[in-house]
Amino acid sequence: MQRTVFDEDHEAFRKTVRDFIAKEVAPVQHEWEADGHPPRDFYRRLGELGILGIQAPEEYGGGGESSIKFNAVVAEEVAAAGASFGSYSVHTNLILPYLMEYGTDEQKQRWLPGFCSGDLMFAIAMTEPGTGSDLANISTTAKLSEDGSHYVVNGAKTFITGGVLADRILTVCRTAPFDPENRRAGLSILVVDTTTEGFAVGRKIEKIGLKTSDTAELSFTDVQVPVQDLLGEEGKGFSYLTHNLAQERLTIAFGASATAAAALQHALAYTKDRKVFGKPVAAFQNTKFVLAECSTELQAVQLMVDNALELHDRGELTVPDAARAKLFSTEAAGRIIDKCLQLHGGYGYVLEYPIARLYADTRVSRIYGGTSEVMKTIIAKDLGL
């Protein structure tokens, strides 16, 4: 089915991204995987191209675009090339809405120019060793100093994407004692400068996929954060986190759609070229049927994601509908990529082939941003169950 979600501007941007990947990313992708992240200057290069801040206001050096569709184009081109932009998606798709919605004018002036240029890379720290989907259970504390000039942060975070190279980290802390009667109360977001004494990057977590996305454990030992770096109001952190869930889950959904589309293209190319018993693998009826199934399911995913993109641009994407998009697209991507890998035979299990990296990379999409089980719970509540 013909997709109508993108216009000429999106396609021109797509060509820019595609050419950039071919020239500056694909040739060094294996080096980045070995290092565990792209070089720091890579993000400045993304800034030069206008990719990091395309949705940020022009007055701060951004592109001034209101649509998230350009970000979806980036995801599609990165997946199609079997490449990675490291922690780009967290920086651009997750962090910017927080800064735009809750940052003061003074904070925006301090942070957004560097955000857009890549001179300041951001991450967000929610998950703790004992706290995953249950964010109300966060135990990292931030106590206001006696003179009211700064907070003192103590605690630990884990699974923090971009945590190794980040310059600023949106850190979810408990600024009021835990209240069992209202577990969501007392959480705040502090923007921590990673050069501050007492902040430390701990173990860099080794993962089965997303090899160029640095994921780290972080520790905070009496880290002093100026009150000027409180994002929004004290105690409103939980509501801020839930406010951005729709976009976060949409980002994961269109990422899953992109990886599924890439997997299908790789499988088509491989099965047409690879010969078994004297004829191409694609000539066998089973191969044709499997690819037909994958193509059909992919189009269903794309229809749902494209509709979600339109709803988001109109400000109408609800949390339950974003959950539906994430649940369906990530689960379907897992099925599609698994079938496409199977068609590669033994070569599908070899990292030299992009399908193997897609297989490993996509698995976490059913976990982060809220597990598939959490998505089902949200949807069930929306049904009145």
Side-chain angles (χ1 to χ4, degrees), residues 37-44 46-47 52-53 56 60-62 86-88 90-92 94-128 138-175 187-204 213-234 236-237 240-241 244:
H37 54 74
R40 182 63 181 78
D41 281 345
F42 168 71
Y43 295 114
R44 295 187 178 91
L46 289 183
L52 291 183
Y60 302 115
S87 62
Y88 146 83
V90 167
H91 177 86
T92 299
L94 270 63
I95 304 298
L96 185 59
Y98 286 103
L99 301 182
M100 291 304 303
E101 185 72 21
Y102 306 114
T104 64
D105 289 341
E106 186 273 335
Q107 288 173 335
K108 291 175 184 176
Q109 290 169 5
R110 274 197 290 135
W111 294 328
L112 286 181
F115 179 99
C116 296
S117 68
D119 289 323
L120 288 180
M121 289 302 295
F122 285 74
I124 185 166
M126 292 183 275
T127 305
E128 298 180 355
I138 282 173
S139 60
T140 296
T141 60
K143 296 182 179 179
L144 191 62
S145 62
E146 292 186 2
D147 63 4
S149 65
H150 61 271
Y151 292 92
V152 179
V153 180
N154 284 282
K157 300 289 185 179
T158 192
F159 300 133
I160 308 307
T161 301
V164 174
L165 297 181
D167 302 290
R168 300 288 186 276
I169 297 181
L170 276 63
T171 306
V172 185
C173 309
R174 186 163 292 286
T175 49
L187 295 178
S188 303
I189 301 177
L190 299 177
V191 182
V192 176
D193 183 335
T194 59
T195 64
T196 306
E197 184 178 355
F199 171 83
V201 176
R203 183 171 62 98
K204 186 169 67 175
S213 178
D214 53 308
T215 306
E217 296 175 343
L218 309 177
S219 66
F220 304 79
T221 305
D222 293 332
V223 175
Q224 295 187 13
V225 182
V227 293
Q228 292 86 353
D229 290 349
L230 170 69
L231 191 65
E233 296 181 41
E234 186 176 296
K236 297 263 184 90
Y240 295 167
L241 296 174
N244 195 45

| message | Return the CG to OG1 distance between L187 and T175, rounded to the nearest 0.5 Å. | response | 7.0 Å

| task | Nearest 0.5 Å please: distance from the OG1 atom of T104 over to the CD atom of Q109. | result | 8.0 Å

| task | Supply the atom-to-atom distance T161 OG1 to L94 CG, rounded to the nearest 0.5 angstrom. | result | 9.0 Å

| task | Keeping to residues at least two apart or across chains, list the salt bridge (Lys or Arg N to Asp or Glu O under 4.0 Å) pairs with something in residues 97-106. | result | E106-R110

| task | Check the pair L144, V227 against side chain to side chain contact (heavy atoms under 4.5 Å, CB included), reporting the backbone distance first and the verdict last. | result | CA-CA 8 Å; L144 191 62; V227 293; 3.6 Å; yes

| OG1-CD distance between T158 and E217, expressed to the nearest 0.5 angstrom | 4.5 Å

| task | Output yes when a side-chain donor or acceptor of D214 lies under 3.5 Å from a complementary backbone atom of H37, and no otherwise. | result | no

| Rounded distance (nearest 0.5 Å) linking atom CG of L170 with atom CG of L231 | 5.5 Å

| field | F199 atom CZ, over 12 foreign heavy atoms within 6.0 Å | value | yes

| query | Is there a side-chain contact between M121 and L52 (heavy atoms, below 4.5 Å)? | reply | yes

| request: Output yes when a side-chain donor or acceptor of S145 lies under 3.5 Å from a complementary backbone atom of H150, and no otherwise. | output: yes

| task | Would you please test Y98 and L241 for side chain to side chain contact (heavy atoms under 4.5 Å, CB included) and show each step? | result | CA-CA 9 Å; Y98 286 103; L241 296 174; 3.4 Å; yes

| note | C116 and A56 have their tightest heavy-atom pair at SG-CB, 3.5 Å

| query | What heavy-atom pair brings K108 and Y60 nearest, and what distance separates the two atoms? | reply | CB-OH, 3.6 Å

| With under 30° as parallel and over 60° as perpendicular, where do the rings of H91 and F115 fit, or are they tilted in between? | parallel

| salt bridge (Lys or Arg N to Asp or Glu O under 4.0 Å) contacts touching residues 162-171 (sequence neighbours left out) | R40-D167, R168-D193

| said: If you apply the rule side chain to side chain contact (heavy atoms under 4.5 Å, CB included), what do you find for D229 with L190, and how did you get there? | reply: CA-CA 6 Å; D229 290 349; L190 299 177; 5.9 Å; no

| Which pair of non-hydrogen atoms, one from V153 and one from A142, has the smallest distance, and what is that distance? | CG2-CB, 4.0 Å

| message | Main chain of V223, side chain of T196: is a donor-acceptor contact present, judged purely on distance under 3.5 Å? | response | no

| query | Shortest non-hydrogen contact from G163 to L218? | reply | O-CD2, 4.0 Å

| Distance-only, no hydrogens or angles: does the T215 side chain make a donor-acceptor pair with backbone N or O of S213 under 3.5 Å? | yes

| request: Kindly compute the distance separating CZ (F122) from OG1 (T194), expressed to the nearest 0.5 Å. | output: 10.0 Å

| field | Listed partners of N154 passing side chain to side chain donor-acceptor pair (under 3.5 Å), at least two apart | value | D222

| query | Between Q107 (side chain) and L230 (backbone), is there a donor-acceptor pair under 3.5 Å? | reply | yes

| task | Just do the side chain to side chain contact (heavy atoms under 4.5 Å, CB included) check on T140 and C173 with the steps written out, would you? | result | CA-CA 5 Å; T140 296; C173 309; 4.2 Å; yes

